[in-house]
Amino acid sequence: MKRIIIAQESDLHGGNKLGLMNPDVILEDIQKNGDARQWRPNVTESQRELWLLRQDNIQHLVELAGDDPIHYIQDGDPTQGDKHKAELVSERMADQIKIAVENVKPIMALNNLKSARFAAGTGAHNFGQASADILMVNQLKALYPTQDIDVCYHGFAHYGDFTVDFAHHGPYTGSREWLKGNVARYYLQSMMFHAIKHSQKPPDLVIRGHYHAPVIETVRLNGFTSHVIVSPSMCMVDDFAHQAAKSPDDVTCGMFVYEIIDGKLLDVHQFTKTYDTRTQYYL
């Protein structure tokens with residue numbers, strides 16, 4: 001029996017006061033005399049909550065994996081960028097890259113980590129043309145020269161016989177509660193039709209991010225079975241998200257972990273927590 005574990009996160013939005021931030025991160029500022037001053041940003045309540053969730057998730061991941069290999073996929077938006085500035089920890093690009101790198105370090109420290117892949121995110125959040133994604137990965141490669149690390153816009157990873165198609169942008173989660181999953185299912189069905197038409201095997205798993213809300217769908221077609229995941233984020237609802245998502249009642253944050261045995265998806269472990277975004281009034 002060959003067993004591998006794929007751990008996947010998306011939309012960490014490092015640099016956002018409501019996104020993931022390693023509390024140990026130390027940033028640098030340049031003073032009037034040209035000297036560099038190190039400073040530690042204040043940790044917000046949201047960041048503290050997300051970091052506790054992240055620590056729990058890594059512990060769950062380690063316990064689930066045991067001695068089996070772990071592969072990591074981060075599916076875009078490691079930083080907040082400079083377009084939506086309402087809740088920035090710092091406007092300096094270097095600071096956001098440093099936060100993004102520090103967020104990945106606990107993953108890179110895992111003894112049985114075999115690879116790490118990073119999908120380029122949204123231009124509004126990566127300073128354009130995948131700049132933050134590339135800079136973050138270059139720093140990670142320098143810090144972990146023996147590790148298998150890479151960045152791309154759209155990846156197709158072969159883990160033995162199991163294939164994963166991953167990119168940041170993909171299907172919307174659904175405009176109504178009873179419609180959730182429809183768009184993702186049709187999206188996957190179209191991908192499978194395209195692959196079969198060209199005499200190719202459809203990907204076993206398709207991972208997308210961007211919408212900060214989880215969706216899991218399965219399609220069986222012409223003897224093939226594929227799964228599509230729209231993954232949760234590691235960021236609370238900020239000012240722009242309240243508008244873009246039309247005032248969501250809650251937000252689900254966390255990590256999805258895929259357990260693969262002999263080239264088949266055995267289970268999707270959802271290490272997540274849902275937070276109510278509404279202010280409660282008892283009058």
Side-chain angles (χ1 to χ4, degrees), residues 6-29 36 38-41 43 47 50-51 54 57-58 61 70-85 87-110 113-155 157 164 166-169 207-210 212 231-235 238 253 255-256:
I6 303 172
Q8 182 251 322
E9 296 177 305
S10 183
D11 297 271
L12 281 66
H13 289 272
N16 187 327
K17 291 180 181 178
L18 299 171
L20 190 69
M21 186 175 76
N22 188 329
D24 293 330
V25 67
I26 296 176
L27 306 179
E28 289 190 356
D29 199 2
Q38 292 187 332
W39 65 285
R40 191 185 299 272
V43 178
Q47 290 170 331
L50 287 172
W51 193 253
R54 177 48 139 36
N57 289 350
I58 291 178
L61 170 62
I70 297 173
H71 298 271
Y72 179 67
I73 296 175
Q74 191 180 119
D75 207 25
D77 286 358
T79 56
Q80 175 64 13
D82 57 358
K83 182 175 181 180
H84 306 291
K85 299 182 178 181
E87 291 97 1
L88 286 180
V89 173
S90 166
E91 292 191 23
R92 179 178 281 113
M93 184 181 187
D95 291 344
Q96 294 196 36
I97 303 302
K98 182 69 178 296
I99 292 170
V101 170
E102 293 296 321
N103 283 340
V104 182
K105 280 185 175 181
I107 298 290
M108 302 305 299
L110 297 175
L113 183 73
K114 299 303 179 184
S115 72
R117 291 294 179 269
F118 299 84
T122 306
H125 296 302
N126 64 22
F127 304 93
Q129 297 179 301
S131 297
D133 310 279
I134 293 169
L135 289 169
M136 174 188 67
V137 168
N138 284 345
Q139 288 194 30
L140 289 171
K141 286 182 175 180
L143 290 169
Y144 305 96
T146 62
Q147 284 283 15
D148 182 0
I149 307 170
D150 204 11
V151 59
C152 63
Y153 271 102
H154 189 168
V164 178
F166 64 96
H168 183 63
H169 298 101
I207 297 172
R208 299 293 185 264
H210 187 61
H212 295 214
S231 60
S233 71
M234 281 299 284
C235 183
D238 64 8
C253 300
M255 173 189 290
F256 277 3

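One-based numbering along the sequence shown.
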Q: Just jot down the side-chain hydrogen bond (donor to acceptor under 3.5 Å, both in side chains) partners of Gln47, sequence neighbours excluded, or say none.
A: Thr44

Q.
Do Pro106 and Trp51 make a side-chain contact, defined as non-hydrogen atoms from C-beta onward lying under 4.5 Å apart?
A. yes

Q. Excluding sequence neighbours, so at least two apart, what forms side-chain hydrogen bond (donor to acceptor under 3.5 Å, both in side chains) with Asp77?
A. His168

Q: Can you see which heavy atom on Cys235 is nearest to which on Cys253, and at what distance?
A: O-SG, 3.6 Å

Q | Heavy-atom closest contact (Ile207 atom, Ile73 atom, distance) | A | CD1-CD1, 4.2 Å

Q: Indicate yes or no: at least one non-hydrogen side-chain atom of Asn103 is less than 4.5 angstrom from one of Pro78.
A: no

Q.
I want to check something: taking the side chain as every heavy atom from C-beta on, are Ile26 and Trp39 in contact at a cut-off of under 4.5 Å?
A. no

Q) About how many Å separate CD1 of Ile149 and CG of Leu140, when rounded to the nearest 0.5 Å? A) 5.5 Å

Q: Could you tell me which non-hydrogen atom of Asp11 sits nearest to which non-hydrogen atom of His210, and how far apart they are?
A: OD2-N, 3.0 Å

Q. If you measure from CE on Met234 to CG on Leu18, what distance do you get to the nearest 0.5 Å?
A. 13.0 Å

Q. How would you list, by chain and number, every residue that makes a side-chain hydrogen bond (donor to acceptor under 3.5 Å, both in side chains) with Ser90, sequence neighbours excluded?
A. Asp95

Q | Gap between atom CE of Met93 and atom OG1 of Thr79 - 0.5 Å precision | A | 7.5 Å

Q. How close do Pro23 and Arg40 get, heavy atom to heavy atom, and via which atoms?
A. O-NH1, 3.2 Å

(Q) Tell me every residue that passes side-chain contact (heavy atoms from CB on, under 4.5 Å) with Ala167, counting only those two or more places apart in sequence or in another chain. (A) His154, Arg208

Q. Could you give the distance from CG (Leu50) to OG (Ser233), rounded to the nearest 0.5 Å?
A. 8.0 Å

(Q) Could you go through Lys114 and Asp148, starting from their C-alpha distance and side-chain angles, then the distance that decides it, and tell me whether this counts as side chain to side chain contact (heavy atoms under 4.5 Å, CB included)? (A) CA-CA 7 Å; Lys114 299 303 179 184; Asp148 182 0; over 6 Å; no

Q: Please name all residues satisfying salt bridge (charged side-chain N to carboxylate O under 4.0 Å, His left out) with Asp82, sequence neighbours left out, ordered by chain then number.
A: none

Q. Taking all atoms of both residues into account, what is the closest heavy-atom pair of Ile99 and Gly14, and its distance?
A. CG2-CA, 3.8 Å

Q. Sub-3.5 Å donor-acceptor pair from the side chain of Arg54 to the main-chain atoms of Asn22, do we have one?
A. no

Q: Answer whether the closest heavy-atom distance between the side chains of Leu12 and Met21 falls below 4.5 Å.
A: no

Q | Gln80 versus Gly15, closest heavy-atom pair with distance | A | CB-C, 4.2 Å

Q: Apply side chain to side chain contact (heavy atoms under 4.5 Å, CB included) to the pair Ile70 and Ile107, showing each step before the final yes or no.
A: CA-CA 10 Å; Ile70 297 173; Ile107 298 290; over 6 Å; no

Q | side-chain contact (heavy atoms from CB on, under 4.5 Å) against Ala124, all qualifying residues, sequence neighbours excluded | A | Lys83, His84, Thr122

Q: Hey, could you give me the CZ/CD distance between Phe127 and Gln96, rounded to the nearest 0.5 Å?
A: 3.5 Å

(Q) Test side chain to side chain contact (heavy atoms under 4.5 Å, CB included) on Ile97 and Gln139; report intermediate values, then the result. (A) CA-CA 9 Å; Ile97 303 302; Gln139 288 194 30; 3.4 Å; yes

Q: Check ring-ring contact (aromatic ring centres under 6.0 Å, His included) between His212 and all other residues, then give those that pass, not counting sequence neighbours.
A: His13

Q. Can you name the side-chain contact (heavy atoms from CB on, under 4.5 Å) partners of Lys105, sequence neighbours left out?
A. Val101, Glu102, Leu143, Tyr144

Q.
Test side chain to side chain contact (heavy atoms under 4.5 Å, CB included) on Glu9 and Tyr72; report intermediate values, then the result.
A. CA-CA 8 Å; Glu9 296 177 305; Tyr72 179 67; 2.6 Å; yes

Q. Which residues pass the salt bridge (charged side-chain N to carboxylate O under 4.0 Å, His left out) test with Glu91, sequence neighbours left out?
A. Lys85

**Q.** By side-chain hydrogen bond (donor to acceptor under 3.5 Å, both in side chains) - contacts of Asp133 (at least two apart)
**A.** Asn126

Q) Does Asp150 have any side-chain contact (heavy atoms from CB on, under 4.5 Å) partners at least two apart in sequence or in another chain, and if so, which? A) Arg117, Lys141

